[in-house]
Amino acid sequence: MMVGMTPGGEDERTRVVVIGAGQAGLSVSWYLRRLGLEVGRDLVVLDRGPGTGGAWQHRWESLRLGAAHRVHDLPGMADLGLGFAAADRSAPARDVVAEQYARYEQALGLDVRRPVEVTGVTGLGGGFSVRWAGRASSGGGVAEAEAEAEAEAEAEAEAGAGAAGAVGAAAVSTGVLLAEVVVNATGTWGAPFVPWYPGRDTFRGRQLHTSDYHAATDLEGLDVVVVGGGTSAIGFVLELDGVAASTTWVSRRPVDWLDQGELDVESAVAAVAEQDRAARAGRALPSIVSGTGVPRTRRFVSGIERGVLVERPVFTSIEPDGVRWADGTFAHADAIVWATGFRPELRHLAPLGLRSAEGGVSVEGGASTLDPHLFFAGYGPQASTIGANRAGRAIARQVVARLSEQDAERRGRGRG
Ligand code: FAD
């Protein structure tokens, strides 16, 4: 049976669907639980990742918590004996965050359904039909997902080759959830951005984006060009030093180095305000790093002093074996690492037709300006761990207000 459908074949109903269990989705869910919503009956959280941790579970092995930016605790974490301030800074951030989120989800009884990808959201006039595809397992993290996959493989082996199709169908099911409100909290990790340069398609070496980067050793002995002016690009250049044969670091605009050693994204008031203006106007969101600058951490300063971090303007074209600048200078390259950012992950909302002519979606205070039953958590000015936390509170209140209105309308119709 497909999970998500009742035995009678009807689509499952709930009141609120939260898409995404990263910092933003979890924060909204925490507040919704506090405001009385019950998991399953009122609230279903879907996430396409195999485990807990949101985008953090996919980040590269060498990334540590607090490498440049502060990671804020989710609401209520301290009361649960959880928190990032005291978390292990020597372990990979992806493991630390995944573990903390797993315990958080468990304490909230959130029963996140994963790996479940929302493939399309359609408006129903005051509600939504949320189409999903995935394994629809709920609860646990990576270990549970792996155990389930193993159990499936065993069942397949026991049943013999003839049953493989049936097992496959059970492994990837599809379904529809009907909801009165949708909170989209899908982050950006799934929508990497790579700018176009003449000759990009002719390059014979490897091209990888931040989202494909695993470890410096994958690029051992290669001439590597790193593109980008943010903390990810800088981190890659530093860890490739002594591993790659050479590194060339280029950035579209000169890096705006800050004096402080740690950046709290939310404290970068001007950058957050600019994100907010763009979100309200439905414009494509500007790059965050262009507004915040890059903190001068001890590690970064040491990289500059050792001559490892040498900024160059970006090249003007790409050739099969390297990159070329306008003045004719050429750098040989076996690999180009595009640390050039991400865009909001919104493909599954395409049926709602929200895109404005300006290239973005119009969002005010976390709410869609086009559909009062649709919310965006972690979007634009909320795209940091503290921004996502604040979004949680503001959005949950609006969601509950919307549900109360729906209840009042229903009661009115009942009387009429
Ligand atoms: P995510 O963590 O990306 O969560 C979104 C979730 O939605 C994912 O679990 C994904 O599986 C799920 N999803 C996406 N599409 C679908 C779909 N169609 N169906 C179902 N599920 C879906 N911010 C900080 O404050 N401090 C930092 O140190 C910091 N470091 C960063 C480092 C990097 C490299 C990047 C790219 C960003 C960093 N940020 C940092 C900013 C980042 O926005 C925040 O870290 C925050 O965790 C993002 O939370 P989120 O919930 O919005 O998104």
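Each ligand, and each atom within it, is numbered from 1 in the order the structure gives.
Residues R131 and E12 are not paired through a salt bridge, judged by the lack of any N-O separation under 4.0 Å between the basic side chain and the carboxylate. Ion pairing between a basic and an acidic side chain is recognised when a charged N comes within 4.0 Å of a carboxylate O; D371 and R402 show no such pairing. Remark: E117 engages R48 in a salt bridge, criterion side-chain N to carboxylate O under 4.0 Å. Between E180 and R410 there is a salt bridge, with a side-chain nitrogen of the basic residue lying less than 4.0 Å from a carboxylate oxygen of the acidic one. No salt bridge links D334 with R206; every basic N to acidic carboxylate O contact stays at or beyond 4.0 Å. Using a 4.0 Å cut-off between charged nitrogen and carboxylate oxygen, E38 and R15 do not count as a salt-bridge pair. Using a 4.0 Å cut-off between a side-chain N of Lys or Arg and a carboxylate O of Asp or Glu, R103 and E105 do not qualify as a salt bridge. Salt bridge R306/D241: present, at least one basic N to carboxylate O contact under 4.0 Å.
If you number the atoms of ligand 1 from 1 as listed, the ones under 4.0 Å from a heavy atom of G20 come out as 6 (C), 7 (O), 12 (C). Of all the atoms in ligand 1, the ones that sit under 4.0 Å from a non-hydrogen atom of T385 are 23 (N), 24 (C), 25 (O), 45 (O), 47 (O). Residue contact check: A55 has heavy atoms under 4.0 Å from atoms 1 (P), 2 (O), 3 (O), 4 (O) of ligand 1. Per-residue contacts place A185 under 4.0 angstrom from the following atoms of ligand 1 (heavy atoms of the residue considered): 5 (C), 6 (C), 7 (O). Listed by number with element, the atoms of ligand 1 under 4.0 angstrom from any heavy atom of G49 are 11 (O). Under a 4.0 Å criterion applied to the non-hydrogen atoms of A24, ligand 1 contributes the atoms 50 (P), 51 (O), 52 (O). Residue Q23 has at least one heavy-atom neighbour below 4.0 Å for each of these atoms of ligand 1: 47 (O), 49 (O), 51 (O).
Ligand 1 has no N or O atom lying under 3.5 Å from any N or O atom of T210, backbone or side chain. Taking any N or O of W189, backbone or side chain, none lies under 3.5 Å from an N or O belonging to ligand 1. Not a single N or O atom of E117, backbone or side chain, sits closer than 3.5 Å to an N or O atom of ligand 1. Considering both main-chain and side-chain atoms, G378 never comes within under 3.5 Å of ligand 1 through any nitrogen or oxygen pair. For V118, a nitrogen or oxygen atom sits less than 3.5 Å from a nitrogen or oxygen atom of ligand 1, counting backbone and side chain alike. Of the N or O atoms in R70, one or more lie within a sub-3.5 Å distance of an N or O in ligand 1. Between W60 and ligand 1, a contact under 3.5 Å exists for no N or O pair. Ligand 1 has no N or O atom lying under 3.5 Å from any N or O atom of V71, backbone or side chain.
Using a 30° and 60° split on the angle between ring planes, F342 and W189 fall in the parallel class, below 30°.
Within the 4.0 Å heavy-atom criterion, neither part of L65 lies near ligand 1. Under 4.0 Å from ligand 1, the heavy atoms of E345 that appear belong solely to its side chain. With a heavy-atom cut-off of 4.0 Å, H348 touches ligand 1 through its side chain alone. The part of W56 lying near ligand 1 is the side chain, judged by heavy-atom distances below 4.0 Å.
Residue contact check for ligand 1: T119 places no non-hydrogen atom closer than 4.0 Å to it. Residue contacts with ligand 1: S232 is included, with a non-hydrogen atom under 4.0 Å away. At a 4.0 Å cut-off, not a single heavy atom of Y379 sits close enough to ligand 1 to count as contact. Not close to ligand 1: A388, with no non-hydrogen atom less than 4.0 angstrom away.
Distance check: F236 CZ to W60 CH2 gives 4.0 Å after rounding to the nearest 0.5 Å. Considering OH of Y213 and CD of E61, their distance stands at 10.0 Å, rounded to 0.5 Å.
Checking L46, T231, D47 against atom 6 (C) of ligand 1, the nearest heavy atom belongs to D47.
For D212, the side-chain contact (heavy atoms from CB on, under 4.5 Å) test picks out L208, H209, with sequence neighbours left out.
Side-chain atoms of Q57 and Y101 form no donor-acceptor pair, as typed in the model, at a separation below 3.5 Å.
Residue pairs meeting the ring pair (Phe, Tyr, Trp, His ring centres under 6.0 Å) criterion with at least one member in residues 349-374: none, sequence neighbours excluded.
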